[in-house]
Amino acid sequence: MRIVLLGGPGSGKGTQGRLLSEEHGVPAISTGDILRAEIAAGAPLGMRAREYMSGGSLVPDDVVLGVMEKRLAQPDMGRGFILDGFPRSIPQAEGLDRILKKMGLALDAVVKLHLEKKTLIERLTSRWTCPACATVYNRISSPPRVAGICDRCGASLVQRDDDQPDTVRRRLNVYEMMTAPLIDFYDASGLLVIVDGDGTVAEVAERIARSLEERRRRN
Ligand code: AMP
């Protein structure tokens, strides 16, 4: 299974990507998580990425494509992958096509999680993340059992720098300008599946599973 998850920041790509990964036994790759790990390690790539990320802009396409070309060549990708947050621009989508073609592979589907802008803002500004295992919580809709502590690994939860209101607005504008055009791009290649991203994690997961199953039966 080779899937791209598309959707605005806060649409649930990370959470649904992890569920799909567990269900299908393929890795979920988040470019945001890879870049944050590079920053935490103090790596040169992370230092370059940080200035873009903290302001809510996209990291340059050549940097992200370089990271992803390496990641996609790792042996754990053999049975497939779930991509969360990549591609995020037309040049990245074209780059991904080139990389996959070179490997003799193709995408199975692109799942777009649809949510209204107002809901995305509410979700992002009430989001808390585990810095150790990347589990995401929401202060209102899915709080941890003990306030401020990750249910899965016990680490203290943090609010991401780029989930502050001003940066959230900028990230949404960047999404509309740079990433939303991918909806038409993937629709034209017949890969697009649009799923309503509103509701509980389980409800959205069920909708994704049903849509992918319907698509599999049609093709
Ligand atoms: P995310 O964790 O997916 O919300 O990504 C956080 C930030 O990482 C984004 O706001 C961008 O600054 C950067 N980033 C993640 N993925 C990409 C990508 N595919 N292209 C460019 N920048 C990215």
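Indexing begins at 1, ligand by ligand and atom by atom, following the structure's order.
Selection from Glu51, Arg36, Lys13 by nearest heavy atom to atom 2 (O) of ligand 1 gives Arg36. Of all the listed residues (Arg88, Met68, Arg50), Arg88 holds the heavy atom that lies closest to atom 9 (C) of ligand 1.
Here is the list of ligand 1 atoms found below 4.0 Å of a heavy atom in Ser57: 11 (C), 12 (O). The distance from ligand 1 to the heavy atoms of Asp162 drops below 4.0 Å at these ligand atoms: 6 (C). Taking every non-hydrogen atom of Gln92 and a distance limit under 4.0 Å, the qualifying atoms of ligand 1 come out as 18 (C), 19 (N), 20 (N), 21 (C). Taking every heavy atom of Arg171 and a limit of under 4.0 angstrom, the matching atoms of ligand 1 come to 4 (O), 10 (O). For ligand 1, the atoms closer than 4.0 angstrom to any heavy atom of Thr31 are 15 (C), 16 (N), 17 (C), 19 (N).
No donor-acceptor pair closer than 3.5 Å links the side chain of Glu22 to the backbone N or O of Gly17. Panel note: side chain Arg207, backbone Ala202; no donor-acceptor pair is recorded below 3.5 Å. Here the side chain of Gln92 pairs a donor or acceptor atom with the backbone of Arg88 at under 3.5 angstrom.
For Arg218, there are no salt bridge (charged side-chain N to carboxylate O under 4.0 Å, His left out) partners at least two apart in sequence or on another chain.
For ligand 1, the polar-atom distance check against Arg160 finds a nitrogen or oxygen pair separated by under 3.5 Å. Between Arg127 and ligand 1, no N or O atom pair is found at a separation short of 3.5 Å. Residue-to-ligand polar distances place Gly85 within reach of ligand 1: an N/O pair is separated by less than 3.5 Å. In terms of N/O distances under 3.5 Å, ligand 1 is approached by Val59.
Checked for salt-bridge contact, Arg48 and Glu38 miss the test: no charged N lies under 4.0 Å from a carboxylate O.
From the protein, the heavy atom lying nearest to atom 14 (N) of ligand 1 is Leu35 CD1, 3.6 Å. Of all protein heavy atoms, the one lying nearest to atom 8 (O) of ligand 1 is Met53 CE, 3.3 Å.
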Which pairs would a plain distance check flag for residues 108-117, meaning a side-chain donor or acceptor within less than 3.5 Å of a matching protein atom at least two apart in sequence or in another chain?
| residue | atom | partner | partner atom | Å |
| --- | --- | --- | --- | --- |
| Asp108 | OD2 | Arg2 | N | 2.6 |
| Lys112 | NZ | His114 | ND1 | 3.2 |

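Proximity of Asp33 to ligand 1, defined as any heavy-atom pair under 4.0 Å, is not found for any part of the residue.
With hydrogens and angles left out, the side-chain atoms of Asp61 and Ser89 include a donor and acceptor closer than 3.5 Å.
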>> side-chain hydrogen bond (donor to acceptor under 3.5 Å, both in side chains) for Ser126 and Asn138? Distances and angles first, verdict last.
In response: CA-CA 6 Å; Ser126 53; Asn138 183 289; 3.1 Å; yes

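For Asp196, the CG atom sits in a packed shell: over 12 heavy atoms of surrounding residues, nucleotides or ligands are nearer than 6.0 Å.
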